[in-house]
Amino acid sequence: MRAMVYRGPYKIRVEDKPMPVVEHPNDAIVRVTLAAICGSDLHLYHGMMPDTRVGHTFGHEFIGVVEQVGSSVQNLQVGDRVMVPFNIFCGSCWFCARGLYSNCHNVNPNATAVGGIYGYSHTTGGYDGGQSEYVRVPFADVGPVKIPDWMHDEDAVLLTDAAATGYFGAQLGEIAEGDTVVVLGAGPVGLVAAQSAWLMGAGRVIVVDHLQERLEKARTMAYAETLDYDEHDDVVVELKKQTDYLGADVVIEAVGAEADGNVTQQLAGPKLKLQGGSATALNWAIDGVRKGGTVSVVGAYGPIPNAVKFGDALNKGLTLRMNQTPVKRQWPRMFEHVRNGHLTPRQMITHRFPLEEIPEAYHVFSSKLDGCIKPLILPSAA
Amino acid sequence: MTDPAIPSAYVRDKRTPTPSRDELRARIPGWGVDLNPADRPSYPKLQYPADTGAHWDFPERQPEKWPRERSIEHAFVTPVFGTAQPPKGLSGVVRKFAYARFSEGRLAHWLLLVAGDRIDAAEHHLRSFASARPDVPATGLRTELTRGGLRSRRGRSDARHHVLDPVVVAGPWLAAAGAAVLGVRKAARALGR
C-alpha cells in the first residue's frame with residue numbers, strides 16, 4: 001500500500017509499505033478514504049517529538065471503510081463507514097472507566113504520561129497512522145463510530161481531532177455567561193474554540209493571530225473580534241487595554257509548541273531544540289488572562305521542559321486546565337451542533353492534496369503558504 | 001460616584017455592559033445552547049460511562065514478538081501496543097537504553113530519545129545514498145515556486161525566522177559533507193606519504 005513516511009526532520013515521502021494486519025482480536029483494518037494533516041503533525045515533521053522513528057507514518061485525523069475485523073469485534077462489520085477518534089483507548093482501564101479516554105493506560109507501553117495516538121511517534125505508542133491507504137485500528141469496538149448518513153465526510157474527518165479539540169478547549173475554559181474569551185491562534189482548533197465559546201455563553205470573543213487569512217476566517221466563521229499581534233509591540237498590553245485593564249476572563253491557548261511572536265522562543269524551541277518548543281502563546285495566555293481567571297490549554301506540547309512563566313500563574317491565582325481531547329466523549333453533543341449549523345468545521349478547509357503530493361502538503365501547511373489553514377489528504381485507494 | 005474614566009479593573013463591576021441574550025442570539029447562530037454546564041460533554045471532568053463498547057475487564061494481550069521497549073513507570077508492557085518500526089541499529093541501542101534506565105520523569109530519558117532520533121535519521125540518510133532514492137535536506141520545496149513562497153510571506157513577522165530555516169535544515173548536511181571532504185583529503189594525504 002502507499003503511505004506517507006517520515007525520513008527525518010523536514011523530510012517525508014510516499015512509499016510502498018506492507019499492508020497492516022490484525023494483531024489483536026479487537027483490531028480492525030480500515031481503508032482510509034479521507035485524512036487530514038493536523039497542526040500537531042508539524043511538531044513531528046520538524047523533529048520536535050522524542051522517539052519519532054524513520055519509517056513512521058503520521059496521521060491521526062482520518063475516516064474510512066472497515067476492510068477486516070479481528071475475531072472479537074462485535075460492533076463493526078466489513079464495509080462500515082467509520083470515523084476514528086485520534087485517541088486509541090481500551091474503554092476499560094481506570095482512566096477510561098472515568099471518561100478520560102485520552103489518558104488510557106492500556107495502549108501505550110512507551111509512556112504513562114500520554115495515551116495512545118495514531119501516527120504520533122513511539123512516545124504515544126508506536127502506531128502507524130492514517131496518512132496512508134490502510135491503517136490498523138485497535139479496540140475497534142471502543143473507538144470508531146459509524147458516520148451518520150447526514151454528515152459530510154469533510155466534517156467527519158475534522159471531528160476526529162481538530163474540531164473536537166476546539167470544542168473541548170472551550171469547555172476547559174469553564175465559560176460563564178457574559179465572559180470575555182480570548183482565543184490564541186486562529187488555526188483549525190482556535191476557529192472551532194471561538195465558535196464553541198459563543199455556544200457556552202461568551203459575551204465577547206477575541207481571536208489573536210497574525211495571518212490575515214486566518215483572522216478573516218475568525219471574523220466570518222466564528223463572528224469574533226480579531227487582534228493581529230504583528231500590529232502591536234506588546235500583545236499582552238493590548239489585551240489589557242481591550243479588556244479595560246482586567247484581562248480576559250478566559251484564555252484558550254490553541255497554538256502549542258510552534259508558537260510565533262517571540263524570536264527567542266522560536267530559536268530556542270522549534271529551531272535549535274534547546275527546549276521542548278516555543279512557550280510564547282502559553283505565556284501570553286498566562287499574562288493576558290485576568291487574575292483569578294482560567295487558562296485552557298489545548299495546544300500540543302511535548303515532554304521536554306519549556307520556559308513557562310509559572311510564577312505569574314501562581315501570583316495571579318489562575319486556574320490552568322488542559323488535556324488531550326477525549327474525542328468520543330464530545331461526539332454526541334457535537335453531532336447535534338454540526339447538524340444544526342452551530343458548528344461548521346469544514347468551513348476551515350482550504351486545501352486538498354492527493355496522498356502522492358503529501359510532501360508538498362506538509363511544506364505548504366508548515367510554512368503557511370497560499371493561505372493554507374487546513375489541508376486534507378486524499379488517499380489513492382479511496 | 002467614581003470617575004467613569006477609571007477602568008473596570010480598579011472598581012467593583014465591569015463598566016462595559018454585556019450585550020443582551022437576545023442581541024447575542026440574533027447575531028451568533030446557537031449562542032448559549034451550551035450555557036448550562038450540564039450540557040457540556042466534558043463537565044464534570046470525571047464521568048462514568050455506562051457502555052464504552054469494551055466487553056472485557058482487562059483486554060486480551062497482544063502477542064509480543066520482540067521484547068517491546070516500555071516506560072519503567074508501567075508495571076508491564078500494555079496489553080495493546082504499536083508494532084511499527086522496531087528498534088534497530090545504533091539508534092535502537094540508544095532508545096532501548098533510554099527506556100530501560102530512565103523513567104519519564106528524568107530529562108536524560110527524553111534527551112537520549114532525541115539523540116536516538118538524530119542517529120536514526122543519519123543512519124537512514126547514509127543508507128539512502130547507496131539507494132536509487134537518496135534523501136534530500138528537505139522535501140516539498142517546489143511549492144515555494146508553485147504556491148507563492150514569497151507572496152505568502154509578505155509582511156509576516158515570522159518570515160524573520162523563516163530565513164533561518166535553510167541554515168537549521170541544511171546546516172548539519174553541509175557540516176557532514178565538509179567533514180567527509182576533510183576526512184577523505186586527510187586519508188588521501190596519509191596514503192600518498
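Convention: sequence-line order gives letters A, B, ...; per-chain numbering from 1.
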Any side-chain heavy-atom pair from [X] and [Y] closer than 4.5 angstrom?
X: A:E15; Y: B:R133; value: yes
X: B:E104; Y: A:T112; value: yes
X: A:Y229; Y: B:S157; value: yes
X: A:T180; Y: B:K14; value: yes
X: A:M200; Y: B:L35; value: no
X: A:H363; Y: B:E144; value: yes
X: B:S42; Y: A:Y167; value: no
X: B:T78; Y: A:V107; value: no

Checking [X] side chain against [Y] main chain: does a donor-acceptor pair fall under 3.5 Å?
X: A:D141; Y: B:G53; answer: no
X: A:S92; Y: B:F58; answer: no
X: B:S152; Y: A:D370; answer: yes
X: A:D244; Y: B:P7; answer: no
X: B:Q62; Y: A:E23; answer: no
X: B:H74; Y: A:N108; answer: yes
X: B:Q85; Y: A:R53; answer: no

Using heavy-atom distances under 4.5 Å, tell me whether [X] contacts chain A through its side chain, its backbone, both, or neither.
X: B:F76; result: neither
X: B:R153; result: side chain
X: B:R68; result: side chain
X: B:Y43; result: backbone
X: B:P44; result: backbone
X: B:R142; result: side chain
X: B:P17; result: neither

Shorter than 4.5 Å, heavy atoms on both sides: which option in [options] has the most such pairs with chain A?
options: B:V33, B:V114, B:L113; answer: B:V33
options: B:K45, B:E23, B:R61; answer: B:K45
options: B:R40, B:K65, B:R70; answer: B:R40
options: B:H109, B:H124, B:E123, B:Q47; answer: B:Q47
options: B:T18, B:D120, B:I72; answer: B:D120
options: B:S103, B:P19, B:P41; answer: B:P41

Locate the shortest heavy-atom distance separating [X] from [Y]; write the atom from each residue and the value.
X: A:P305; Y: B:L107; answer: CD-CD1, 3.5 Å
X: B:L24; Y: A:A202; answer: CD1-O, 4.1 Å
X: B:R95; Y: A:D51; answer: NE-OD1, 3.1 Å
X: B:A121; Y: A:G8; answer: CB-CA, 4.2 Å

Nearest 0.5 Å, what's the [atom1]-[atom2] distance between [X] and [Y]?
X: B:L46; Y: A:F95; atom1: CG; atom2: CZ; answer: 10.5 Å
X: A:R333; Y: B:D39; atom1: CZ; atom2: CG; answer: 4.0 Å
X: B:W56; Y: A:F139; atom1: CH2; atom2: CZ; answer: 5.5 Å
X: B:H162; Y: A:K271; atom1: NE2; atom2: NZ; answer: 6.0 Å
X: B:D34; Y: A:S196; atom1: CG; atom2: OG; answer: 8.0 Å
X: B:T52; Y: A:Y101; atom1: OG1; atom2: OH; answer: 6.0 Å

| task | Report the C-alpha separation of B:T83 and A:Y127 in whole Å, then their side-chain angles, then the decisive distance to 0.1 Å, and conclude whether the side chain to side chain contact (heavy atoms under 4.5 Å, CB included) test is met. | result | CA-CA 6 Å; B:T83 52; A:Y127 298 90; over 6 Å; no

| request: Begin from the C-alpha positions of B:Y48 and A:R98 and carry the test side chain to side chain contact (heavy atoms under 4.5 Å, CB included) through to its verdict. | output: CA-CA 5 Å; B:Y48 297 81; A:R98 285 152 182 82; 3.4 Å; yes

Is [X] salt-bridged to [Y], cutoff N-O under 4.0 Å?
X: B:D135; Y: A:R7; answer: yes
X: A:K368; Y: B:D158; answer: no
X: A:D260; Y: B:R156; answer: no
X: B:R21; Y: A:E177; answer: yes

| task | Give the intermediate values and the outcome of side-chain hydrogen bond (donor to acceptor under 3.5 Å, both in side chains) for residues B:S71 and A:N110. | result | CA-CA 5 Å; B:S71 164; A:N110 297 71; over 6 Å; no

| message | How about CZ on A:F353, more than 12 heavy atoms from neighbouring residues, nucleotides or ligands closer than 6.0 Å, or not? | response |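 Yes, because the 6.0 Å sphere around CZ of A:F353 holds more than 12 heavy atoms from other groups.
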
| query | Under the side chain to side chain contact (heavy atoms under 4.5 Å, CB included) criterion, do B:R27 and A:W198 qualify, and how do the steps go? | reply | CA-CA 10 Å; B:R27 193 160 65 84; A:W198 291 122; 3.8 Å; yes

| What's the verdict on side-chain hydrogen bond (donor to acceptor under 3.5 Å, both in side chains) for A:H122 and B:E69, showing C-alpha distance, side-chain angles and the deciding distance? | CA-CA 10 Å; A:H122 276 65; B:E69 63 280 12; 4.6 Å; no

| Hey, are B:D117 and A:T52 close enough side-chain-wise for a donor-acceptor pair under 3.5 Å? |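 Side chains of A:T52 and B:D117: no pair found under 3.5 Å.
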
| request: Decide whether A:S72 and B:E60 meet the rule of one side-chain donor and one side-chain acceptor closer than 3.5 Å. | output: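 Short answer, no.
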
